[in-house]
Amino acid sequence: MTGRRKVLLAAAAAAAVLVAAAPATPADILPQNSVWNRLDMDASNPAPEHERLSCSRGIVWACRYDKAPEPALAFWWDTTSGDFLGTDVTRIWECPAWFPASICTNVTRVVAGTMTITRADGVTFSGPFDLVPARAGSDAQVLHAYWPVFGFTCPWYRTFSEALAANPMPLPFNGSDWPPLDCVFSP
């Protein structure tokens, strides 16, 4: 091996070590267990809803979906629930062309799997579901829950206060002042 080639290999190895040792920003770090919150503004419901997604990550990610009662906010609530199982596909996932660039350029991880929802009326459905955490500022992260088969993604937040702040509306809900829907739909 030539001297020049040895120097180039050593430099490449040193650069790889520096990149690997670079500290993750707070927005890149996902705890072992996390709870995500969403303000569901689907006007086909009598009022907005507080949705929760409680996740435990490992080789397989497991999440439980439910709704939190918010009677003081005059929100709708029912017993709809769901379960998600998925695995990390970050290296092979391609951001859909219709996703906002603010999501695609800030993705920190992608977990793909299946979500099974059981509605309050007993109807159950399952489908492909992706969890797409993305940076939202230097120390914040938003989880984008993506239903590929339905062609939409919606943001979820670390706290319900963050979800409410992202979707301002008069509280308690007055029955008519719905905030705009914050999901993004494929064309």
Side-chain angles (χ1 to χ4, degrees), residues 12-42 49-68 80-119 123-160 162-163 166-167 181-187:
V17 168
L18 288 175
V19 169
T25 67
D28 296 335
I29 299 169
L30 287 174
Q32 187 70 34
N33 298 297
S34 59
V35 177
W36 298 89
N37 298 269
R38 170 163 174 66
L39 177 61
D40 181 3
M41 299 158 300
D42 180 354
E49 302 173 296
H50 175 182
E51 297 178 304
R52 286 186 301 212
L53 192 61
S54 303
C55 297
S56 178
R57 70 177 177 85
I59 293 172
V60 173
W61 283 54
C63 301
R64 177 79 178 148
Y65 166 83
D66 68 357
K67 298 179 182 180
T80 297
S81 63
D83 293 291
F84 168 80
L85 287 175
T87 56
D88 191 317
V89 297
T90 307
R91 292 183 183 201
I92 62 169
W93 189 77
E94 293 184 22
C95 199
W98 55 269
F99 266 44
S102 61
I103 297 173
C104 296
T105 59
N106 290 297
V107 169
T108 59
R109 177 172 305 188
V110 179
V111 179
T114 300
M115 174 67 92
T116 300
I117 298 286
T118 302
R119 295 188 333 202
V123 173
T124 298
F125 63 92
S126 293
F129 191 76
D130 294 353
L131 302 176
V132 184
R135 285 180 213 89
S138 62
D139 63 348
Q141 193 170 57
V142 174
L143 175 72
H144 299 275
Y146 171 40
W147 285 94
V149 71
F150 299 120
F152 71 91
T153 185
C154 300
W156 292 67
Y157 301 89
R158 295 278 185 147
T159 68
F160 190 52
E162 289 176 13
N167 299 282
L181 193 60
D182 62 351
C183 298
V184 179
F185 295 85
S186 66

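Quick caveat, the model's predicted, so the values are computed rather than measured.
- Contact between S126 and T116 at its shortest, heavy atoms only, is OG-OG1, 2.7 Å.
- A pairwise comparison of heavy atoms in P96 and C104 identifies O-SG, 4.1 Å as the closest pair.
- D83 has its side chain within reach of R64: a pair of non-hydrogen atoms, C-beta onward, lies under 4.5 Å apart.
- Ring geometry for W147 against F129 counts as perpendicular: the plane angle is over 60°, on a 0 to 90° scale with 30° as the lower cut.
- D66 pairs in a side chain to side chain contact (heavy atoms under 4.5 Å, CB included) with only one of the listed residues (R52, E51, H50), which is R52.
- For the residue pair H144 and A134, the shortest heavy atom distance occurs at CD2-CB, 4.0 Å.
- In this structure, L53 and R38 have side chains that are not in contact, with every pair of non-hydrogen atoms separated by 4.5 Å or more.
- C154 contributes atom SG, which lies 8.5 Å from atom CH2 of W156 (distance to the nearest 0.5 angstrom).
- T159 contributes atom OG1, which lies 10.5 Å from atom CH2 of W36 (distance to the nearest 0.5 angstrom).
- In this structure, V110 and L131 have side chains that are not in contact, with every pair of non-hydrogen atoms separated by 4.5 Å or more.
- Using modelled atom types and a 3.5 Å distance limit, the side chains of W93 and D130 yield a donor-acceptor pair.
- For the residue pair T124/T118, the side-chain donor-acceptor check at 3.5 Å is satisfied.
- Minimum interatomic distance between A163 and Y157 (heavy atoms only, all atoms of both residues): CA-CD1, 3.5 Å.
- Of the inter-residue distances, the one linking S34 atom OG with L143 atom CG reads 7.5 Å to the nearest 0.5 angstrom.
- Residues Q141 and R158 have side chains that bring a donor and an acceptor to within less than 3.5 angstrom of each other.
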- Message: Run D182 and M41 through side chain to side chain contact (heavy atoms under 4.5 Å, CB included) and show every step you take.
- Response: CA-CA 8 Å; D182 62 351; M41 299 158 300; 3.2 Å; yes
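- The side-chain heavy atoms of T108 and R135, taken from C-beta on, include a pair separated by under 4.5 Å.
- Side-chain atoms of S56 and N33 include a donor-acceptor pair closer than 3.5 Å.
- Using a 4.0 Å cut-off between a side-chain N of Lys or Arg and a carboxylate O of Asp or Glu, K67 and E49 qualify as a salt bridge.
- Inter-residue side-chain proximity for Y65 and T80 is flagged as met; some heavy-atom pair is nearer than 4.5 Å.
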- Could you go through the side chain to side chain contact (heavy atoms under 4.5 Å, CB included) check for V149 and F125 one step at a time? CA-CA 12 Å; V149 71; F125 63 92; over 6 Å; no
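- Residues meeting the side-chain contact (heavy atoms from CB on, under 4.5 Å) test with D42, sequence neighbours left out: D40, S44, N45.
- The two residues P148 and P128 make their nearest non-hydrogen contact at CD-O, 3.3 Å.
- In this structure D88 satisfies the salt bridge (charged side-chain N to carboxylate O under 4.0 Å, His left out) test together with R109, sequence neighbours excluded.
- Between F99 and Y146, a ring centre-to-centre spacing shorter than 6.0 Å is recorded.
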